[in-house]
S.K.: 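One structure follows; several queries about it will come next.
Chain naming here is simple, since letters A, B, ... match the order of the sequence lines and numbering starts at 1 in each.
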Amino acid sequence: MSAREAALAKTYDPAGTESRWQQAWETCGAFHPDPAAPGEPFAVVIPPPNVTGSLHMGHAFNTALIDTIVRYRRLAGNNVLCLPGTDHASIAVQTILEKQLKAAGQRKEDLGREAFLEKAWAWKAESGGTIVGQLRRLGYSVDWQRERFTLDAGCSAAVVEAFNRLHEQGLIYRGEYLVNWCPASGSAVSDLEVEMKEVDGHLWHFRYPLSGGSAAAASSGRTHLEVATTRPETLLGDTAVAVNPRDPRYAHLVGQTLTLPLVGRQIPIVADDHVDAEFGTGCVKVTPAHDPNDFAIGQRHDLPLITVMAKDGTMNEAAGRFAGLDRFDARQAVVAAMEAEGYLVKVEPYRHSVPFSDRGKVPVEPLLSTQWFVKTEPLAARCREALDAATGANPRFVPERWAKVYRDWLTDIRDWCISRQLWWGHRIPAWFVVSETGGLITDSTPYVVARDELEARAKAEQQFGCGTHAHPLVLEQDPDALDTWFSSGLWPFSTLGWPDADAADLERWYPTSVLVTGFDIIFFWVARMTMMAGALMGDGLAGDGSPDGSRDGNPAAWIPFRDVYIHGLVRDENNRKMSKSAGNGIDPLLLIERYGADALRFALVREVAGAGQDIRLDYDRTSDTSATVEASRNFANKLWNVTRFALMNLGGETPASLGQPEPAHLQLADRWILSRLARVNRETAERYASYGLGEAAKGLYEFAWNEVCDWYVELIKRRLNPGENPSPDALVDQRTARQVLAKVLQELLLMLHPLMPHLSEELWHGLTGQPVETFLSLQRWPVLDVAALDDVLESSFAELIEAIRVVRNLRAVAGLKPSQSAPVQFVTGRPTLAALLTAATADITALTRAERVDVLSAQQGSRQRALAGVSGELQVLLPIEGLVDLDALRARLDKDIAKADKEIKGLAGRLANPNFADKAPPEVVAECRANLAEAEAQALLARQRLADLD
RNA sequence: GCCCGGUUAGCUCAGCGGUAGAGCGCCUGCCUUACAAGCAGGAUGUCGCUGGUUCGAACCCGGCACCGGGCACCA
């Protein structure tokens, strides 16, 4: 049922309307752009949510903002591409599947890689569409035909190509380093996937005896050093104790040897600047294979690395009698043993930070292992240069302050561990020449990086010679997968057709226009995308990975987005970040069901006025209601009804059939609303274009409700219904009112469209009678009518409104029933104001239930008893003898007097200050004098009226 | 430790040099033929504290307090 047919429904029902338009848009391919189409390109690739995910408020918020921007751009005439997709969420998906397997008593190894991946794809096919379907319910104007998935053929090809090129440039290497090991997922994770958490633990103090026969031991009288640790189980892997080189207490012991308790290993005392002499005893046990700081110390002093833990988090053979114990059980056991053997000095409660795996939710173990890394510094350096380019920041952050966060992260950046011991993901395009190492992949097995196995074989043959029958060349692809963010880092160009440099989409829409995202993924995503682009979309780096110096091109050509618009997070009513783990999420779908997608979108955008600020969404969990969203729903309903009013009053005509109003026929109210319309048009376009989305929403809300509905529509009701046998003039007037109303509404709907796409589409069709497949979404932003702008008119209209308000207030104060009419007198000494009021007599009569309206000069002012109010230079009188509540009236006048007196006091005080007149700008002083004169006149008038009452 | 926000009406937030605004909520009166998801009217704040700059500060500068966030992390 269209708006036209449903003209009698009193309230807007979003459910049916929204799904109908979503379907129509998609069926018609409304948002499927042609790269060859005209218009300045405008592209946004949306931050791909996890396929595992379901829609949460953060997605809804991000979507509302992006869609508002791109819908505006479409109206503004850009050739807009908004490209959706999902990422494959390596760890998350694998965790889900392994859980399912475990429930069935299986492990993935039982299935084998191939079968496991089949299962994974089946799972993806089944539940991967959830979030995408939910995004559709928001009315997202993305090109679904271009929807991408990080594991699809195109993205996968991009990953292989990117890996190869980075490797060729020396930006990817393989090596044995201490990495963050997540025992829960059985994989390495990157630094970013580790979250430090404050934990209540203990600090154990242990005695490490100096080795017997030590000369220093004898001379100093010391028999041991005391060390403290939060992780006793690691002492099994200690290979030194470090002290500060300038610590006088221990200087003479450096170079001596200690006997490691429980193990008996002889370990040296080394001097290292890392040690803080002030902290604890000033002695630190060094476990290079299990702590990043210790690893660094170990490298400086050439200490052996002793790994005492296996990858599943249990102690290994090197842990001696503790082998096989889980790391936390081992901790207890080691402490018990130390105590039993007299090495435990004391235990203190200790609050400290422990690294946790984001996904696995268990403490991460720093573990020595061979992994693939991206050498980040050359890439980061290039991004820093782009950000600080003399020609302007690339990308430009909105709000600007986020640029600092981004730059800080790109400074002192550590290499990025990209290999994951997982199956679900992009398999690393490296092939080990296992025939060289007896069929096994070891840390020293040679490998080749290639696009596919054929290329790998060719490369291997070149390097290792052709295989013979006796010694066939056997290759085995690296079993590991890549970090999901590796593929996400390619998203802005892999989705546009890269590595095909001639891809039409890439040519047309790269670099993209803006990236809209929360600040929580600046590092995960923004920085990695810019780094990847630096290596792959520019003109390359030198072979050793250092900037080749030859690049003088503009970073704007390769940085993947011109702007980065950073928005806040959605917080709950208690100001906590909404998240699944905290269980405080609000389901956007519930709100959509209750209030409509447009209402939710409008509420979210309306709240973001302070860009980059978090927003708080009120929510009542017992009833699943939100006052904020409800207010937006009410606004939608208001728009529905004002359009309904128009449909009932346009005499079956449309904006097109009515045509533009004749300037000569315009009345005061017409010219006023057209001036306002033009002003709002200009403001709103500026706001949309500069990410002032909240302001745009608020401005439109106020214009639509407080000006169009409250005043303009009320003012033209009389003209729209000229009654029986109207005069020719009345008919002209009616037509003019219809023309203006139709124009205002049509443009209002256009301007609101980015915020409330379904409702505006629906109402626009109702208003214009356009066929279904002609979309408001694809119309043009209304042309700004500069000639209509009229400051003087707007301010005198404000005076008229104020005059009407004073009358209404007086009526209310005096207790007049709305149905009672009363005579109104305006007394003013200002001819222009008098003229305005005289011209608007009919309007005032209609809006104040006036019996008659008289505009009098100051001299003519009535002396009879009357309700009296004062506003500026205007006296308003309601001479209704007998009906007057005198006390209320006196109170009202007293209030006027008090208000005027307060203003007089303030203004006079200011003017009395000689410095003010001297130093303040003349126009400010003049304004101050004028205000004072007005306030004095006002006080005088009010006092006179008060005296007249007695 | 380093860095970034915030503190304005009961709630959520605008305002960012000329003496305070909106929405919601609240109070009063209205089913006035678009809308009770509505209409009309009304009340409401030493703009966190404290110095300073200025003729003038919610707004600029310094200090303090509290709230929130990010990065780093000392065993």
S.K.: Using nucleotides 52-56 of chain B, report all nitrogen or oxygen pairs with the protein that are shorter than 3.5 Å.
M.R.:
{"unit_1": "B:C55", "atom_1": "OP1", "unit_2": "A:Lys919", "atom_2": "NZ", "d": "2.7"}
{"unit_1": "B:C55", "atom_1": "O2'", "unit_2": "A:Asn913", "atom_2": "ND2", "d": "2.9"}

S.K.: Please list every stem that involves RNA chain B, where a stem is a run of 3 or more consecutive Watson-Crick or G-U wobble pairs with both pairing distances under 3.5 Å.
M.R.: B:1-7 with B:65-71, B:10-13 with B:21-24, B:26-30 with B:38-42, B:48-52 with B:60-64

S.K.: With sequence neighbours excluded, tell me which residues meet side chain to side chain donor-acceptor pair (under 3.5 Å) with A:Ser632.
M.R.: none

S.K.: Report the residues that fulfil side-chain contact (heavy atoms from CB on, under 4.5 Å) with A:Pro268, sequence neighbours left out, ordered by chain and then residue number.
M.R.: A:Ala240, A:Val270, A:Leu303

S.K.: What pairs with A:Ala850 under side-chain contact (heavy atoms from CB on, under 4.5 Å), at least two apart in sequence or on another chain?
M.R.: A:Val824, A:Thr845, A:Thr848, A:Val853

S.K.: With sequence neighbours excluded, what pairs up with A:Asn721 under the side chain to side chain donor-acceptor pair (under 3.5 Å) test?
M.R.: none

S.K.: Find which nucleotide of RNA chain B each of A:Ala627 and A:Lys895 is nearest to by heavy atoms, and output the residue with the more 5' nucleotide.
M.R.: A:Ala627

S.K.: Any side-chain N or O of A:Lys717 under 4.0 Å from OP1/OP2 of B:A34?
M.R.: yes

S.K.: Taking only N/O atoms, report every protein-nucleotides 36-40 of chain B pair under 3.5 Å with atom names and distance.
M.R.:
{"unit_1": "B:A37", "atom_1": "O4'", "unit_2": "A:Asn634", "atom_2": "OD1", "d": "3.1"}
{"unit_1": "B:A37", "atom_1": "O2'", "unit_2": "A:Asn637", "atom_2": "OD1", "d": "3.1"}
{"unit_1": "B:A37", "atom_1": "N3", "unit_2": "A:Arg633", "atom_2": "NE", "d": "2.9"}
{"unit_1": "B:G38", "atom_1": "OP1", "unit_2": "A:Asn634", "atom_2": "ND2", "d": "3.3"}
{"unit_1": "B:G38", "atom_1": "O3'", "unit_2": "A:Lys638", "atom_2": "NZ", "d": "3.1"}
{"unit_1": "B:C39", "atom_1": "OP1", "unit_2": "A:Lys638", "atom_2": "NZ", "d": "2.7"}
{"unit_1": "B:C39", "atom_1": "OP1", "unit_2": "A:Trp705", "atom_2": "NE1", "d": "2.8"}
{"unit_1": "B:A40", "atom_1": "O3'", "unit_2": "A:Arg808", "atom_2": "NH1", "d": "3.4"}

S.K.: Tell me, please, which residues at least two apart from A:Phe523 pass ring pair (Phe, Tyr, Trp, His ring centres under 6.0 Å).
M.R.: A:Trp409

S.K.: Please enumerate all residues that pass side-chain contact (heavy atoms from CB on, under 4.5 Å) together with A:Arg594, with sequence neighbours excluded.
M.R.: A:Asp624, A:Thr625

S.K.: Not counting sequence neighbours, which residues clear side chain to side chain donor-acceptor pair (under 3.5 Å) with A:Glu365? List them please.
M.R.: A:Arg231, A:Arg327

S.K.: Got a sec, which residues hit salt bridge (charged side-chain N to carboxylate O under 4.0 Å, His left out) with A:Asp276, two or more places apart in sequence or on another chain?
M.R.: none

S.K.: When you compare the protein's N or O atoms with those of nucleotides 4-7 of chain B, which come within less than 3.5 Å of each other, and at what distance?
M.R.:
{"unit_1": "B:G5", "atom_1": "O2'", "unit_2": "A:Gln613", "atom_2": "NE2", "d": "2.5"}

